[in-house]
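Here the structure comes first, spelled out in structure tokens, and everything after it is commentary.
Below, chains carry the letters A, B, ... as their sequence lines are ordered, and counting in each starts from 1.
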Protein chains: 2
Amino acid sequence: MTIRVIIVDDQAMVRAGFAALLAAQSDIDVVGEAPDGRKGVEVSRSVHPDVVLMDVRMPEMDGLAAVRELLSPPAGVVHRPKVLMLTTFDVDDYVYEALRAGASGFLLKDAPPADLISAVRVVAAGDALLAPSVTRRLIADFARQRPAPPSGGPALRLNGLTPRETEVLELIARGLSNQEIAARLVVAEQTVKTHIGKVLAKLGLRDRAQAVIFAYESGLVAPGDA
Amino acid sequence: MTIRVIIVDDQAMVRAGFAALLAAQSDIDVVGEAPDGRKGVEVSRSVHPDVVLMDVRMPEMDGLAAVRELLSPPAGVVHRPKVLMLTTFDVDDYVYEALRAGASGFLLKDAPPADLISAVRVVAAGDALLAPSVTRRLIADFARQRPAPPSGGPALRLNGLTPRETEVLELIARGLSNQEIAARLVVAEQTVKTHIGKVLAKLGLRDRAQAVIFAYESGLVAPGDA
DNA sequence: GCCGGCCCCGTACCCGGGTAGGGGACAGGG
DNA sequence: CCCTGTCCCCTACCCGGGTACGGGGCCGGC
């Protein structure tokens, strides 16, 4: 039983390299390639691979959107390939979104070739695999449910929110009023309102109550770390 | 720079096997062993290893308690070794507790020797590593945040709220406006306001945003069941 | 240099939400 | 029987929050 793989990456050289590497394995077949997310989704829908190797950063449709498109069943789509995300540099914040969207793994491109190959096999088998540094972050984030974060910096950035907006959102999710948030951040209350307005608009929410819900559902805050 | 390791496991044969395996590596030194958690903590405190290989199930003090003891700084303890948990059978629920307690990794004992060795190196480097099946579970759990419920049936009435009030509270936590709640319950909007007012008063909350927080923190609603 | 993103602040307006304080109906238990 | 609790509904008021629109300063990238 060979593992059918497609490779989605905007850099042709990268695709060629991975393809050569994987095709050399007797139990892996590279059955397709695509230069961007949109085409990747199309190719996946037509060839039905077992595993999709997907770069994060791409033109036209980035890996994240592609994963969502691919794994959210938009009608009568029965085929759900495993998705292995790839990223060039270090861990970026897309990790969390990708995992939530249903990705089975996350690797750095500079990982040893043997790791990539075994990752494909692991994912195809229905298990998951993360780069060690990613695992570390995930665990840290997971463990963060008991202890209060000492530094508590809002370095994380989800859904196109700016750091400041994310910070405000978290304070909303802590139950603070605009006045209290303003005091905490040492800015005018109107500035807080502006930030909140942008947050609501960007996330498609109506009021702060829905913002709190979003914060919990997205994992920005979790029950227990009050 | 060699990696100093101690092995904590109640089975002498297992200890010997791992010790031989690891000692054969030029960059790894086995500097101690212990047959149970309590002695493991003692040994760790005296020899200050970089990595502690710890079995989950052990007499006297199990691996879980040992990790907590080891990683929760109970005074002026500066030394915090990395802990790599080992388990014989498949994933048990201790995984989550161990990770929360600060373990850096979780492996099955039947993993390939090469995996164990590389795991020690990865953990020593400050990264984390999980068995693929563990990773899968962690991701799944992370994707739809469901912190282990303390069991028990649905507390129909929490904190002295009437059923109706609880119902209203849940709808607030779903993001509905007063108008929408009124429509849903087929009552006047003012009635909804009254109920909400009582809820807020009884729970000591200020506004509906804080009510949403309470709903999540109390478990009335949980992330993922939107 | 220019442009775009981010952060900050303002004024003005409107409305949903929360408060205060009533009242009517029905149930069950002392 | 009365009393307590729950659910329902009302008027009236006020304020926090959200919207609309404008502007200034800062920085990094093209």
Side-chain angles (χ1 to χ4, degrees), chain A residues 10 57 59 62 88-89 92-94 152-216 220, chain B residues 154-216 220-221:
Chain A
D10 56 335
R57 298 175 192 278
D62 70 333
T88 309
F89 307 106
D92 38 288
D93 297 317
Y94 294 131
L156 194 123
R157 179 159 175 164
L158 62 166
N159 288 44
L161 296 187
T162 71
R164 197 58 154 179
E165 286 160 2
T166 305
E167 203 176 354
V168 171
L169 175 55
E170 184 178 342
L171 293 178
I172 291 178
R174 301 288 180 209
L176 304 201
S177 69
N178 290 344
Q179 220 173 41
E180 290 165 346
I181 294 173
R184 178 80 70 96
L185 299 182
V186 201
V187 296
E189 186 180 345
Q190 184 50 44
T191 304
V192 175
K193 285 190 176 186
T194 303
H195 287 316
I196 294 178
K198 296 202 143 202
V199 169
L200 297 181
K202 283 183 181 178
L203 300 178
L205 306 173
R206 178 171 48 193
D207 51 35
R208 67 198 299 110
Q210 291 191 349
V212 173
I213 295 174
F214 177 88
Y216 275 94
L220 209 202
Chain B
L156 214 73
R157 295 178 63 136
L158 62 164
N159 293 41
L161 296 187
T162 71
R164 196 56 156 182
E165 287 161 0
T166 305
E167 202 176 353
V168 170
L169 175 55
E170 184 179 341
L171 292 177
I172 291 178
R174 301 288 180 209
L176 303 200
S177 68
N178 290 344
Q179 221 173 40
E180 290 165 345
I181 295 174
R184 179 80 70 95
L185 300 181
V186 202
V187 297
E189 184 181 344
Q190 186 49 46
T191 304
V192 175
K193 285 190 176 186
T194 304
H195 287 314
I196 293 178
K198 295 201 148 203
V199 170
L200 297 182
K202 285 183 181 178
L203 299 178
L205 306 174
R206 177 171 48 194
D207 50 35
R208 67 199 297 111
Q210 291 191 350
V212 173
I213 295 173
F214 178 89
Y216 275 95
L220 209 202
V221 302

Minimal non-hydrogen separation, B/Ile172 against B/Ala211, with atom names
CG2-CB, 4.2 Å
For nucleotides 10-30 of chain D, 5' to 3', base contacts (B), sugar-phosphate-only contacts (S) and non-contacts (-) with protein non-hydrogen atoms under 4.0 Å give BB-----BBBB----------
What is the minimum heavy-atom distance between A/Thr162 and A/Lys202, and which atoms define it?
CG2-NZ, 3.9 Å
Presence of A/His195 side-chain N/O under 4.0 Å of C/dC8 phosphate oxygens OP1/OP2:
yes
Taking the side chain as C-beta and beyond, is there a heavy-atom pair between B/Leu185 and B/Val168 under 4.5 Å?
yes
Could you go through the salt bridge (charged side-chain N to carboxylate O under 4.0 Å, His left out) check for A/Glu170 and A/Arg174 one step at a time?
CA-CA 6 Å; A/Glu170 184 178 342; A/Arg174 301 288 180 209; 3.1 Å; yes
Could you walk me through whether B/Ile196 and B/Leu200 pass side-chain contact (heavy atoms from CB on, under 4.5 Å), step by step?
CA-CA 6 Å; B/Ile196 293 178; B/Leu200 297 182; 3.9 Å; yes
